[in-house]
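In this text, all values refer to a predicted model and were calculated from it rather than measured experimentally. The chains referred to below are lettered A, B, ... by the order of the sequence lines, with proteins before strands, and numbering in each begins at 1.
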Protein chains: 2
Amino acid sequence: MRSYGQHCGLAKTLDVIGDRWSLLIVRELLLRDGCRYTDLLHGLPGISTNLLVDRLRDLERAGVVARDEAPPPVATTLYRLTARGKELRPAVLALGRWGAPLLAKGSDDEAFRSHWMALPVEIVFADHAPKGTPMAIELRTGDEPVVIEAADGAIHTRPGTAEDPDGVLTGPPRLVMAVLAGKLTWEDARARAGVRGRPRGAGPPPPPLRCARGLGGRGDRLV
Amino acid sequence: MRSYGQHCGLAKTLDVIGDRWSLLIVRELLLRDGCRYTDLLHGLPGISTNLLVDRLRDLERAGVVARDEAPPPVATTLYRLTARGKELRPAVLALGRWGAPLLAKGSDDEAFRSHWMALPVEIVFADHAPKGTPMAIELRTGDEPVVIEAADGAIHTRPGTAEDPDGVLTGPPRLVMAVLAGKLTWEDARARAGVRGRPRGAGPPPPPLRCARGLGGRGDRLV
DNA sequence: CGGCATCCACAGTGATACTG
DNA sequence: CAGTATCACTGTGGATGCCG
């Protein structure tokens with residue numbers, strides 16, 4: 001992208017990550033560090049192969065992304081964020097939070113990937129993350145099952161299933177998102193017949209899901 | 001801009017403000033709400049007139065910007081941010097903070113506008129703003145003098161001069177920025193002969209300028 | 001002068017096909 | 001799997017013109 005040529009922090013940032021797709025590539029690497037080229041392609045529905053290469057090169061030159069020639073067992077190149085790249089997390093979260101209310105109006109033919117769920121979860125739990133008690137929630141809602149694990153205030157996501165999850169959420173992405181964002185109680189969601197939650201112990205839903213302040217912050221309903 | 005078509009908060013945000021120049025327009029309106037078209041043109045060196053109109057229309061449709069047909073004394077249309085638009089502030093600040101280290105490498109032929117200074121100032125003082133005691137710093141460093149006023153944790157900027165400022169900073173933008181960012185002490189700056197500070201009472205420099213943590217966060221020098 | 005609209009050369013983008 | 005190549009298309013930047 002052409003530089004703005006302005007002596008301003010925001011303009012400088014946009015010089016680096018203001019290109020189309022750039023920040024979404026950063027999103028992918030924030031969610032799943034150490035991605036293969038194909039993983040990125042899959043996580044960025046709509047991008048074309050040449051653009052992905054171009055952007056990765058640009059971000060590499062800018063010191064945001066690094067490529068590791070993988071050791072024998074993997075035998076492929078892995079893309080990851082540099083330390084500098086990881087510093088984009090607060091900005092990405094802030095932008096993501098701003099866009100949360102817009103998710104309500106999204107049409108149903110939009111692309112969706114399960115692991116994107118980790119972003120709103122991290123946003124919602126940003127200030128009151130479950131400190132001591134580790135927690136695992138399994139989501140079966142998109143292209144693949146993912147597990148969101150919280151421990152010591154940090155949130156991780158990995159593809160796959162959990163051994164003994166504190167809850168399992170099944171249903172269309174929109175509804176699952178609403179539950180996680182605190183816009184919908186576990187029971188409401190179940191009443192709408194789209195969401196099947198299985199809180200551990202068959203008791204009340206896991207507390208963090210209910211006390212979450214929610215994404216929109218003004219009571220917007222996501223569904 | 002073409003929509004990404006992804007059911008993701010970040011992607012939705014970029015659908016709205018991901019266009020080239022869009023976020024810089026938001027910056028301008030965050031810094032000086034109620035701008036005339038010409039003010040925006042001046043605050044966005046490099047933008048072309050047609051693009052500014054296009055973007056303003058887009059942002060208006062998106063509910064980020066509103067236009068007020070001005071009352072008689074002004075007799076022109078004023079652009080301002082909607083409440084929704086103002087919610088972009090945390091994201092803009094986060095992005096601006098990320099770009100702060102990049103300001104060091106900026107060439108000298110970059111465009112600069114004095115009122116942009118309010119952004120780094122707000123970032124630096126974000127967490128430990130001077131609460132009780134109001135403060136005013138006058139900057140004479142760019143195209144026009146500006147006064148940065150802090151009171152009750154809020155930071156305002158206005159063009160013009162202050163009656164009895166707590167300090168006056170004169171010099172090239174780079175150095176003034178460094179002082180405000182806490183990268184350079186008042187004395188160091190003065191020693192480099194570019195900055196002339198006049199703390200009130202001829203005593204030590206105003207405390208907030210020295211205790212500021214700084215923009216870069218890792219001791220990067222801005223000059 | 002403020003607030004646009006029009007026109008044009010060009011760089012960036014997106015879809016597809018192809019390759020080691 | 002990880003790109004490269006090609007090409008039609010769209011968005012951008014710059015200039016300039018119009019109009020109250």
Side-chain angles (χ1 to χ4, degrees), chain A residues 1-6 11 14-25 28-29 32 34-62 65-80 109-111, chain B residues 1-6 11 14-25 28-29 32 34-62 65-80 109-111:
Chain A
M1 172 185 280
R2 244 183 99 132
S3 165
Y4 286 106
Q6 298 185 0
L14 294 177
D15 281 345
V16 175
I17 50 87
D19 266 321
R20 188 161 164 79
W21 292 107
S22 291
L23 211 51
L24 293 186
I25 294 177
E28 285 304 302
L29 293 174
R32 324 196 302 186
C35 269
R36 292 173 305 171
Y37 182 84
T38 321
D39 297 330
L40 290 173
L41 218 46
H42 175 259
L44 297 164
I47 199 175
S48 55
T49 58
N50 49 1
L51 261 196
L52 180 52
V53 177
D54 283 357
R55 291 295 176 270
L56 284 172
R57 296 261 188 281
D58 291 345
L59 291 172
E60 198 183 342
R61 264 199 306 268
V65 162
R67 21 187 310 163
D68 292 341
E69 294 302 330
V74 194
T76 183
T77 73
L78 291 182
Y79 294 91
R80 60 176 178 83
D109 57 351
E110 288 175 342
Chain B
M1 171 185 279
R2 247 185 96 134
S3 166
Y4 286 107
Q6 298 185 359
L14 294 178
D15 280 346
V16 175
I17 49 86
D19 265 321
R20 188 161 163 80
W21 291 108
S22 292
L23 211 52
L24 293 186
I25 293 178
E28 285 303 302
L29 292 174
R32 324 198 299 188
C35 268
R36 294 172 304 171
Y37 182 83
T38 321
D39 296 332
L40 290 173
L41 264 186
H42 174 258
L44 297 164
I47 200 176
S48 54
T49 59
N50 50 1
L51 262 195
L52 179 53
V53 177
D54 284 356
R55 291 295 176 269
L56 285 172
R57 295 256 189 283
D58 293 344
L59 291 173
E60 197 183 344
R61 265 199 306 268
V65 163
R67 14 184 318 159
D68 293 340
E69 293 301 330
V74 193
T76 182
T77 72
L78 291 183
Y79 295 92
R80 61 176 178 82
D109 57 350
E110 288 176 343

Does [N] have its OP1 or OP2 closer than 4.0 Å to a side-chain nitrogen or oxygen of [X]?
{"X": "A/T77", "N": "D/dC1", "result": "no"}
{"X": "B/T38", "N": "C/dG2", "result": "yes"}
{"X": "A/R20", "N": "D/dG11", "result": "no"}
{"X": "B/Y79", "N": "C/dC4", "result": "yes"}
{"X": "B/W21", "N": "D/dG11", "result": "no"}
{"X": "A/R55", "N": "C/dG14", "result": "no"}
{"X": "A/R67", "N": "D/dA2", "result": "no"}

If I take atom [atom1] in residue [X] and atom [atom2] in nucleotide [N], what distance separates them, rounded to the nearest angstrom?
{"X": "A/L78", "N": "D/dA2", "atom1": "CG", "atom2": "C1'", "value": "12 Å"}
{"X": "A/D54", "N": "D/dG3", "atom1": "CG", "atom2": "P", "value": "12 Å"}
{"X": "A/I47", "N": "C/dG12", "atom1": "CD1", "atom2": "C1'", "value": "13 Å"}
{"X": "A/L41", "N": "D/dC1", "atom1": "CG", "atom2": "C1'", "value": "11 Å"}

> If only atom types and distance count, is the side chain of B/Q6 paired as donor or acceptor with the main-chain N or O of A/P45 below 3.5 Å?
Replying inline: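 It does hold such a pair.
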> Would a distance-only check, ignoring hydrogens and angles, find a side-chain to backbone donor-acceptor pair under 3.5 Å from A/R32 to A/G43?
Replying inline: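 Side chain of A/R32 to backbone of A/G43, a donor-acceptor pair under 3.5 Å: no, none is there.
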> If each of A/L51 and B/L56 is mapped to the nucleotide of DNA chain C with the nearest heavy atom, which maps nearer the 5' terminus, i.e. the 5' end?
Replying inline: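 Checking each residue's closest nucleotide, the 5'-ward one belongs to B/L56.
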> Over its full length, what angle do the end axes of the helix from C/dC1-D/dG20 to C/dG20-D/dC1 make, each axis taken from five pairs and the result rounded to 10 degrees?
Replying inline: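 End-to-end axis angle for the helix from C/dC1-D/dG20 to C/dG20-D/dC1: 30°, rounded to 10°.
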Every protein N/O within reach of nucleotides 6-8 of chain C N/O, cut-off under 3.5 Å:
from	atom 1	to	atom 2	distance (Å)
C/dT6	O4	B/N50	ND2	3.4
C/dC7	N4	B/N50	ND2	3.4

>> Let me spell it out: for each of A/Y37 and A/Y4, pick the nucleotide of DNA chain D with the closest heavy atom. Which residue's pick is nearer the 5' end?
In response: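 The residue whose closest nucleotide sits nearer the 5' end is A/Y37.
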At a cut-off of 3.5 Å, list every protein nitrogen or oxygen paired with a nitrogen or oxygen from nucleotides 18-20 of chain D, distance to 0.1 Å.
none

